[in-house]
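Indexing begins at 1, ligand by ligand and atom by atom, following the structure's order.
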Amino acid sequence: MTPFDDIDIAENSFCLRDAQIHRAFLDSGDMPVEADDAVRCDVIVRGGRIEAILPSGDAVDPTLPIHDLAGRHIWPGLVDAHVHLDKCQAFPRLIGADGTFAGARDATTADREAYWSYEDLYRRMSFGLRAAYAHGVTATRTHLDSPEPQAEISWRVFRRLRDEWRGRIDLQAVAFVPLDVYGTPFGARLAQIAADAGGVLGAVTRSTHGLHGMPFEGFERLLDQLFGLAEAHDLDLDLHVDESGDPNARALAAVAEATIRHGYEGRVTCGHCCSLAVQPEEAAARTIARVAEAEISVITLPVVNMYLQDRTPGRSPRWRGVPPVAELSAAGVSVAVAGDNCRDAFYAYGDHDLFDTFRQAVRILQLDNPVGDAPALVTSVPAGIMRLPDQGTLRVGGRADFNLFNARNLNELLSRPQGDRILVRGGLRVRPRLPEYSELDPPRDHAPIQTIRTETVE
Ligand SMILES: [Zn+2]
């Protein structure tokens, strides 16, 4: 068994002997699936691509360097399908973020209006991508706050970063605005911006100054306008829905009806969907059935929503903030786990580490005993949502992009933070460094801003 620290893959042709790969990541064919739903195998890599995955002991090619993994687990690159790179890393300069949803919304608006220049966005979004890459992420979808005039700046930064990161991280973006924006002339312009950039159209199912669950004028009509724009530009939709513990927040059901009405089955993703967990069982079951029928994918953001939901100063939280993932999965709904916010007004912590999110998700959502297909929630399922069939799997002919863990079973994998994970990209070991926080230090003339509380009805 090669000591973990000594595994040094310096040539892009080699054999990994006695690896374990979870069945969520590969077509196991005739290979026996053993404990923890993993396959014990040898992996031959030639020229940076996977040439063969064979039952353990079968790979014999004396010309190749051999790395004996002694049953350690290999994962594909991680796929983080819901993040907010434009908000990330602003925490040190925020004032007024009190940890609540309304406080976060207002602190973010104030921060955006004061600071979100091209340079500021590029610096913080690059920081986020470098951290994600260092933690093993190979594809990510970011929502971009896209009100007028911010959208033009943010989408330009996104296009530059997508080009710069091509080959390391597949980067996608979603136009993110409160739904009422689609009732203004800028709605059509925003759809055009997203279409021109090859992006995804999106919205949050609340009004600009409102909270999830508050009814507002023209909700159904605005949803139809959004779907109409998506159809006109042939764009997928990715929405923020019911991010609330208010049992009256029922936008998910309305989005499912709109999806079916517009014949948009299989093209809509809904993030958060927290309030589904606090609705009467029968109402929730009805909604889940319609979501399944509409072929809507759901993304849960367990770390951020456990932190953010049910937060009232002086009162302890009573629920976990996550949707009923087991019931959604049982109904046939594709569910992914993603990272969401990172060091911003909505979530004060984090390091763009989707594996850490997965470890926490297993605990928060009780995805264990058995873990089953849960590893797919941060790999192949989000890759499907992002329409990236080469991501989130390990297959013959595919690029040799591995995350290699010093763990021989899922318990070892989930018990430690795996800070020493080894990244192999295109068949070579890469050693990216995490960016230094000091890179985000503000210029000297940078004054803190005051949070603006605007017309909030609470
Ligand atoms: Zn989000």
Side-chain angles (χ1 to χ4, degrees), residues 79-91 94 97 99-109 111-112 116 124-125 128 132 137 139-147 150 154 158 171-179 181 194 199-206 208 210-213 236-245 249 251-252 255 268-276 296-309 311 321-323 325 335-350 352-354 357 360-361 364 377-378 382 385-386:
V79 180
D80 203 345
H82 181 133
V83 301
H84 293 266
L85 291 173
D86 56 349
K87 294 186 174 81
C88 81
Q89 306 297 334
F91 185 82
L94 293 172
T100 66
F101 188 94
R105 179 200 57 199
D106 295 343
T108 299
T109 301
D111 190 67
R112 185 175 68 232
W116 290 21
R124 288 185 296 104
M125 289 172 74
V137 169
T140 196
R141 175 183 280 185
T142 182
H143 294 255
L144 293 176
D145 277 27
S146 297
Q150 183 65 51
S154 298
F158 157 69
L171 182 60
Q172 296 182 353
V174 183
F176 177 65
V177 284
L179 191 59
V181 169
V200 173
L201 202 56
V204 51
T205 54
R206 59 169 175 80
T208 298
L211 295 170
H212 290 271
D236 284 352
L237 282 167
D238 193 334
L239 311 177
H240 277 62
V241 179
D242 294 341
E243 191 178 2
S244 166
L252 182 58
V255 172
V268 180
T269 299
C270 291
H272 300 288
C273 308
C274 311
S275 69
L276 195 56
I296 288 173
S297 300
V298 168
I299 301 182
T300 177
L301 301 308
V303 177
V304 170
N305 277 144
M306 189 169 77
Y307 174 86
L308 184 64
Q309 294 299 301
R311 180 180 277 259
V322 287
V325 168
V335 181
V337 163
D340 208 13
N341 301 81
C342 192
R343 293 186 82 225
D344 64 19
F346 289 87
Y347 181 59
Y349 312 107
H352 310 272
D353 181 354
L354 187 62
T357 302
Q360 298 195 56
I364 296 166
L377 272 59
V378 289
I385 290 172
M386 292 176 67

(message) Is it the case that over 12 heavy atoms from other parts of the model lie below 6.0 angstrom from the CZ atom of F91?
(response) no
(message) If I take every N, O or S atom of H82, is at least one of them less than 2.8 Å from the Zn ion (ligand 1)?
(response) yes
(request) Just do the ring pair (Phe, Tyr, Trp, His ring centres under 6.0 Å) check on H84 and F346 with the steps written out, would you? (result) CA-CA 10 Å; H84 293 266; F346 289 87; 7.3 Å; no
(message) Under 2.8 Å from the Zn ion (ligand 1), can any N, O or S atom of D340 be found?
(response) yes
(message) Test of geometry: compute the angle NE2(H84)-the Zn ion (ligand 1)-NE2(H240) and round it to 10°.
(response) 90°
(message) I'd like to know whether the aromatic ring centres of H82 and H272 sit less than 6.0 Å apart in this structure.
(response) yes
(message) Here's a test for you: under side-chain contact (heavy atoms from CB on, under 4.5 Å), which of V79, D80, V174 qualifies with R141?
(response) V174
